[in-house]
Amino acid sequence: RSGIPGTLVKSKPVVSYRETCAGKSSRTVFAKSANKHNRLYMTAEPLSEELVTAIEKGHIFPNQDVKERAKMLVDEHGWDVNDARKIWAFGPEMTGCNLVLDSTQGVQFMNEIKDHVASAFQWATSSGCLCDEPMRGVLWRVLDCTLHTDAIHRGGGQIMPTARRAMFAAQLVSEPRSWSPSTWSTSRSPWTPWVVSTPPSPVSADTSSLRRTAPAPPSTSSRLTCPLPSPSVSYADLRASTGGQAFPQSCLLHY
C-alpha cells in the first residue's frame, strides 16, 4: 500500500543513553595542538541535578541576560559570581545542559579562541568518548592556555580538535558514567476481575516499580516506572497476559 518496493525490516527500538561524570577531575589535563604551538588545560565536574533540571525546563538559557543568569546561579545554585559571568556556551545544540566556562586569569587571546572552543564543545557534548552518546550535566573549566602569538597558528583547525581531546580527557578522569533512561508507562484495559487479578509482566518485573493501580469500572489503569533496556518488560507479553485488552503507552521520565 505504501508503494515501497521490497520487504520492510523491523528492528528493535533504539535506546538513547546519556554520558556524564560522577566527580571532579582527579587532575588537570591538557592537550597540544597538531602544530605543537598551543596547549589547553581543562578539568571537568558534574553539575547539580537542580541546575540541570533548571536548564532543561528553560529557567536558565543561553540567550538570557548575563547579569540576570549570574544572579540566579549565585543565589539559587551557590556558584561563584566570577564563574557565573564567564560561561562560554551551552551544549549540545547550543541549548543542552552542559556548560563550558573560562576560568583563566591574565591569559591573552582568549576572546579569539572562544568560538573555536565553543564549537569543539558542541562537537564533544553531542557524542561523548564512552559510547558516542550525548552528554548531560557536565561542566568543563578552561584553566589555562598557552597560545602562539601569531594568529595563523591558533586558528580553528588547531584549536577545535585540541579542545575536544582535552574535554574527553577531562571526562575520563572525572569518574565517567552512562545513564539509561527510565520510562513512565501507562497501561489501560477494560475492567474485569480476571484482568485485575493477573499482574502484567512489567508490573511483576524486578527492575520495574509499580506506582499506581486504579481499578475503576469500566476500565483499569496501571502506572509504573521501568528502566530501559529491560528485557523483562515486553509489551507483547503484556498484551498476551491480558488477552489483548491492554493498551500500553510510554514516555521518558528521567535519566
Side-chain angles (χ1 to χ4, degrees), residues 18-30 40-128 133-145 147 156 159-160 162-164 166-171 173-177 179 181-182 252-255:
R18 292 294 183 270
E19 297 185 26
T20 187
C21 61
K24 293 184 178 180
S25 297
S26 59
R27 58 186 178 274
T28 301
V29 301
F30 78 95
L40 295 178
Y41 297 82
M42 289 188 179
T43 60
E45 60 189 77
L47 294 173
S48 64
E49 187 61 31
E50 292 79 10
L51 178 54
V52 171
T53 302
I55 296 174
E56 291 178 338
K57 290 184 177 180
H59 300 159
I60 297 176
F61 50 93
N63 297 329
Q64 191 175 11
D65 180 73
V66 175
K67 293 183 178 180
E68 178 184 352
R69 183 174 62 202
K71 187 176 185 301
M72 293 180 62
L73 290 173
V74 172
D75 296 342
E76 300 178 11
H77 302 284
W79 273 46
D80 180 77
V81 64
N82 294 323
D83 290 341
R85 292 179 177 178
K86 300 179 74 174
I87 295 176
W88 273 2
F90 290 66
E93 298 179 0
M94 303 298 294
T95 57
C97 51
N98 302 283
L99 301 175
V100 59
L101 58 87
D102 175 18
S103 293
T104 61
Q105 294 181 355
V107 179
Q108 292 182 324
F109 313 122
M110 291 303 295
N111 288 334
E112 296 184 18
I113 69 168
K114 176 181 177 180
D115 292 340
H116 303 324
V117 174
S119 298
F121 170 71
Q122 303 299 329
W123 185 10
T125 53
S126 62
S127 57
E133 294 289 348
M135 294 189 186
R136 180 179 185 270
V138 183
L139 167 67
W140 281 274
R141 296 177 182 270
V142 182
L143 299 181
D144 196 6
C145 291
L147 301 174
I159 300 300
M160 285 178 58
T162 305
R164 181 172 180 259
M167 291 176 186
F168 283 170
Q171 180 192 4
V173 298
S174 305
E175 303 178 31
R177 299 287 188 272
W179 283 344
S182 292
L252 177 65
L253 180 60
H254 61 78
Y255 281 94

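Just so you know, residue 1 is the first one in the sequence shown, and it goes up from there. Source: prediction; values computed, not measured. Computed over heavy atoms, backbone and side chain alike; hydrogens, waters and symmetry mates excluded.
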Distance col, row Thr20:OG1 vs Met135:CE, nearest 0.5 angstrom, shows 9.0 Å
Main-chain N/O of Val138 paired to Asn98 side chain as donor or acceptor, under 3.5 Å: yes
Quick note, ring pair (Phe, Tyr, Trp, His ring centres under 6.0 Å) partners involving residues 86-124, not counting sequence neighbours, are Phe121-Trp140
query = Can you tell me if CD on Glu49 sees more than 12 non-hydrogen neighbours from other groups inside 6.0 Å?
reply = yes
Nearest heavy-atom contact between Ala124 and Met167 is CB-SD, 4.0 Å
Residues at least two apart in sequence or cross-chain that pass salt bridge (charged side-chain N to carboxylate O under 4.0 Å, His left out) with Lys24, listed by chain then number, are none
Output for pair (Arg164 CZ, Ile159 CD1), nearest 0.5 Å, gives 15.5 Å
With sequence neighbours left out, the residues meeting side chain to side chain contact (heavy atoms under 4.5 Å, CB included) with Asp80 are Asn82, Asp83
Residues at least two apart in sequence or cross-chain that pass side chain to side chain contact (heavy atoms under 4.5 Å, CB included) with Asp144, listed by chain then number, are Tyr41, Val107
Leu147 and Gln108 have their tightest heavy-atom pair at CD1-O, 3.6 Å
Residues Pro176 and Gln171: closest non-hydrogen pair is CD-O, 3.5 Å
Rounded to the nearest 0.5 angstrom, the OG-CD distance for Ser126 and Glu93 is 8.0 Å
Hits for salt bridge (charged side-chain N to carboxylate O under 4.0 Å, His left out) against Glu175, two or more places apart or cross-chain, chain-then-number order -> Arg177
Of all heavy-atom pairs linking Ile55 and Gly96, the shortest is CG2-O, 3.6 Å
Those residues at least two apart in sequence (or on a different chain) that pass side chain to side chain donor-acceptor pair (under 3.5 Å) with Glu112 are Arg154
The ring pair (Phe, Tyr, Trp, His ring centres under 6.0 Å) partners of Phe168 (sequence neighbours excluded) come to none
In terms of heavy-atom contacts, Cys97 and Val52 come closest through SG-CG1, 3.8 Å
By salt bridge (charged side-chain N to carboxylate O under 4.0 Å, His left out), Asp75 pairs with (sequence neighbours left out) Lys71
Looking only at heavy atoms, the pair that brings Ala166 and Leu40 closest together is CB-O, 4.4 Å
With sequence neighbours left out, the residues meeting salt bridge (charged side-chain N to carboxylate O under 4.0 Å, His left out) with Glu68 are none
query = Do Val66 and Ile87 come within less than 4.5 Å of each other through their side chains, counting heavy atoms only?
reply = no
Residues passing the side chain to side chain donor-acceptor pair (under 3.5 Å) test with Glu45, sequence neighbours excluded, are Arg141
Rounded to the nearest 0.5 angstrom, the CE-OG1 distance for Met94 and Thr125 is 10.0 Å
Crowding at CG, Asp65 (>12 non-hydrogen neighbours, <6.0 Å): yes
Sequence neighbours excluded, the answer for side chain to side chain donor-acceptor pair (under 3.5 Å) partners of Lys67 is none
Rounding to 0.5 Å, atoms SG (Cys145) and CE (Met42) come to a distance of 7.0 Å
By side chain to side chain donor-acceptor pair (under 3.5 Å), Ser25 pairs with (sequence neighbours left out) Ser174
d(Leu51 CG, Leu99 CG) to nearest 0.5 Å is 6.5 Å
Exercise for review: Assess whether side-chain contact (heavy atoms from CB on, under 4.5 Å) is satisfied between Glu76 and Glu50, documenting all intermediate values.
Suggested key: CA-CA 9 Å; Glu76 300 178 11; Glu50 292 79 10; over 6 Å; no
